[in-house]
Amino acid sequence: MVNLKAGTRPPWVGLGSAVWVQIASGNAYNFPLYSHSLKSVLGFNQHQLTMLGVANDVGENVGLIPGIACNKLPPWVILLIGALACFFGYGVLWLAVSSKVQSMPYWLLWLALCVATNSSAWLSTAVLVTNMRNFPLSRGTVAGILKGYGGISAAVFTEIYSTLLRNSSSKLLMFLALGIPVLCFIVMYFVRPCTPALGEDSSEHAHFLFTQGALIVLGLYVLTTTILNHIFHFSALISNTFLVIMVVLLMAPFAIPIKMTFHRIRVSKPDQPVESSDSVIQEDSADKTEPLLKSSSSAAALGSFRENVEASEVAMLLAEGEGAVKKRRRPKRGEDFRFTEALIKADFWLLFFVYFVGVGSGVTVLNNLAQIGSAQGVHDTTILLSLFSFCNFVGRLGGGIVSEHFVRSKTIPRTIWMTCTQVMMIIIYLLFASSFDGIVYAAIALLGICYGVQFSIMIPTVSELFGLKHFGLFYNFMSLGNPLGAFLFSGLLAGYVYDTEAAKQQVPNLLSSSSISCSGPNCFRLTFLVLAGACGFGSILSVVLTMRIRPVYEMLYAGGSFRLPQASIH
């Protein structure tokens, strides 16, 4: 039993608050900002530092426990757990880097970093699951917006690190240990389950467009100011002004509920007369206590569907009592699945492997970006990282917008865009392998877009095929494709190929093993060819998946807007 906040404004207040939590959930992207301090202050070698990077990736992406907990605990508890993970994890790292505690064992630091970055899974799960359920008719749009803010979080933290914290690693770790928990305590009341609209709201589309526009402006602003500050080295006053403007842009989504407060709107509900927002607010001013999820997780949001579902449930129970029905039927695609029921579905594993290939190959390039740039003659990888991060944000936001448009207008399954981007990734990896002069910047930009699209497509697709009831668990299971891909493609393949080629190059030079490095196209050529082949296989699987689920999307979006199946009986 949970409290559902009623009214038209609370979901938008929750979305505005979720934006800040989603930015905070990008704390794992900060590892490059303080990793040099871990190495210098604590005296780690490169291998030890690399293993800490593994802890960073594992903590960020292993979220099965948050996925299970989100169906048993309210969002504020999930946020509280994430806040505590930040406090203890980054607190231990701060004690080590600031030398407050001497001779801290390596295993404790590895575990602390894993706990600290695991806060990302808790925070992201809390806001993503809650808002997907609050806006069940706009899942792709909501996923694109939240993942877009997650993609731009690295640039936001970089701005804070360089401007407010003066490039201090110890201050950054203290900020993460204290600032993120404080933020969670402030917004946890507003990130809560709400009663979704019972019908289509004409103003909702405009509100989403405004939020997407604000996100695009924020992304361009942060990228521009970061590059300008790097080139011109502005004074503290100008840099702080840039930071204040960034904070104002982050608050832009709150303009929607503020506008709804001062400007009355008319919302049409099925089988009900049109009412003003005041009457809706007065009628729904008190919280309504009811189950958050019934047999179909979003059935409560769709008026007439609720009655049909309840009636069919009663009929099923009566039939079972009379012995007419011996066994409940298994859910069909589009209805709510249990996790064990989804595991035996081919579509579930097809989607997992398609996503694994897309993000696994992309994170391989991201984890080896410095070495890839150096091997191809680009020694300043800061611009490469900024370019990848910005294009990753564009892919996450654009993937949600484009897929939402075509699924509503043409009932085209969202996975068709995973197919398109993975075909493009084949070309990108072949361009990397060719090592044409100057191609690295264009290839990194295109790869960032394709990498971001994988996230924004996977999330709503999972919810549409297998329901929202156990969405948190499905989403976090799919997210395992990221660390798994990093381990296989980056840790085993790319690292082995790079070290082998570096050893060949260093033999004539008789250099010590501590200074071994690799230069030239052969350092990653075999890796890129393997990644291109993997994406070719992923593209085939994606085509198969798209053909299989086309009837599901024709059913869900037949009228141009999302409609749930008649019932989901478990």
> When you look at Phe356 and Phe489, which way does the ring pair (Phe, Tyr, Trp, His ring centres under 6.0 Å) test go after all the steps?
Replying inline: CA-CA 11 Å; Phe356 156 74; Phe489 293 136; 5.6 Å; yes
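- The closest side-chain donor-acceptor pair between His470 and Asp336, if any, does not fall under 3.5 angstrom.
- For the residue pair Ser37/Ser169, the side-chain donor-acceptor check at 3.5 Å is satisfied.
- From Asn167, atom CG reaches atom CG of Leu164 across 11.5 Å, with rounding to the nearest 0.5 Å.
- Not counting sequence neighbours, the partners of Leu220 by the side chain to side chain contact (heavy atoms under 4.5 Å, CB included) test are Ile216, Phe390.
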Please list every donor-acceptor pair under 3.5 Å in which a side-chain atom of residues 82-90 meets a protein atom from a residue at least two apart or in another chain.
| unit_1 | atom_1 | unit_2 | atom_2 | d |
| --- | --- | --- | --- | --- |
| Tyr90 | OH | Asn27 | O | 3.4 |
| Tyr90 | OH | Asn27 | OD1 | 2.7 |

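- For Ser168, the side-chain hydrogen bond (donor to acceptor under 3.5 Å, both in side chains) partners are Ser170, not counting sequence neighbours.
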Show me, pair by pair, the donor-acceptor contacts under 3.5 angstrom made by side chains of residues 524-536, not counting sequence neighbours?
| unit_1 | atom_1 | unit_2 | atom_2 | d |
| --- | --- | --- | --- | --- |
| Arg525 | NE | Ala433 | O | 3.0 |
| Arg525 | NH1 | Asn522 | OD1 | 3.3 |
| Arg525 | NH2 | Ala433 | O | 3.3 |

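- Within a 6.0 Å radius of CE in Met246, other residues, nucleotides and ligands contribute more than 12 heavy atoms.
- In this structure, Phe477 has its ring center under 6.0 Å from that of Trp349.
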>> The test is side-chain contact (heavy atoms from CB on, under 4.5 Å); show your working for Phe254 and Trp20 and say whether it passes.
In response: CA-CA 11 Å; Phe254 286 112; Trp20 285 79; 3.7 Å; yes
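- Remark: side-chain polar atoms of Arg166 are not paired, donor with acceptor, to backbone N or O of Lys171 under 3.5 angstrom.
- Looking at Val127 and Leu123, their side chains never come closer than 4.5 Å, going by heavy atoms from C-beta outward.
- Counting non-hydrogen atoms of other residues, nucleotides and ligands closer than 6.0 Å to CD1 of Ile65 gives a total of 12 or fewer.
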Report all side-chain donor-acceptor pairs from residues 143-158 shorter than 3.5 Å, counting only partners two or more places apart or in another chain.
| unit_1 | atom_1 | unit_2 | atom_2 | d |
| --- | --- | --- | --- | --- |
| Lys147 | NZ | Tyr475 | OH | 2.8 |
| Ser153 | OG | Gly150 | O | 2.6 |
| Thr158 | OG1 | Ala154 | O | 2.7 |

>> side-chain contact (heavy atoms from CB on, under 4.5 Å), that's the test. Do Phe471 and Ile459 meet it? Break it down for me.
In response: CA-CA 9 Å; Phe471 166 72; Ile459 295 170; 3.5 Å; yes
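- Atom OG1 of Thr130 is separated from atom CE of Met132 by 11.5 Å, given to the nearest 0.5 angstrom.
- In this structure, Leu173 CG and Leu95 CG are separated by 10.0 Å, a value rounded to the nearest 0.5 Å.
- In this structure, Phe242 has its ring center under 6.0 Å from that of Phe234.
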> Step by step, would you call Leu351 with Asp347 a side-chain contact (heavy atoms from CB on, under 4.5 Å)?
Replying inline: CA-CA 6 Å; Leu351 181 60; Asp347 294 338; over 6 Å; no
>> Between Tyr451 and Phe388, is the ring pair (Phe, Tyr, Trp, His ring centres under 6.0 Å) condition met? List the steps.
In response: CA-CA 9 Å; Tyr451 182 73; Phe388 183 91; 5.6 Å; yes
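- Considering only residues two or more places apart in sequence or on other chains, Cys523 meets the disulfide (SG to SG under 2.5 Å) condition with Cys518.
- The CG atom of Asn476 sits 3.5 Å away from the OG1 atom of Thr125 when rounded to the nearest 0.5 Å.
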>> Let's go through Trp76 and Arg192 carefully: what are the C-alpha distance in whole Å and the side-chain angles of both, what is the deciding distance for side-chain contact (heavy atoms from CB on, under 4.5 Å) to 0.1 Å, and is it a yes or a no?
In response: CA-CA 7 Å; Trp76 71 266; Arg192 58 186 300 178; over 6 Å; no
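- Between the side chains of Gln454 and Thr421, a donor-acceptor pair is found at a separation under 3.5 Å.
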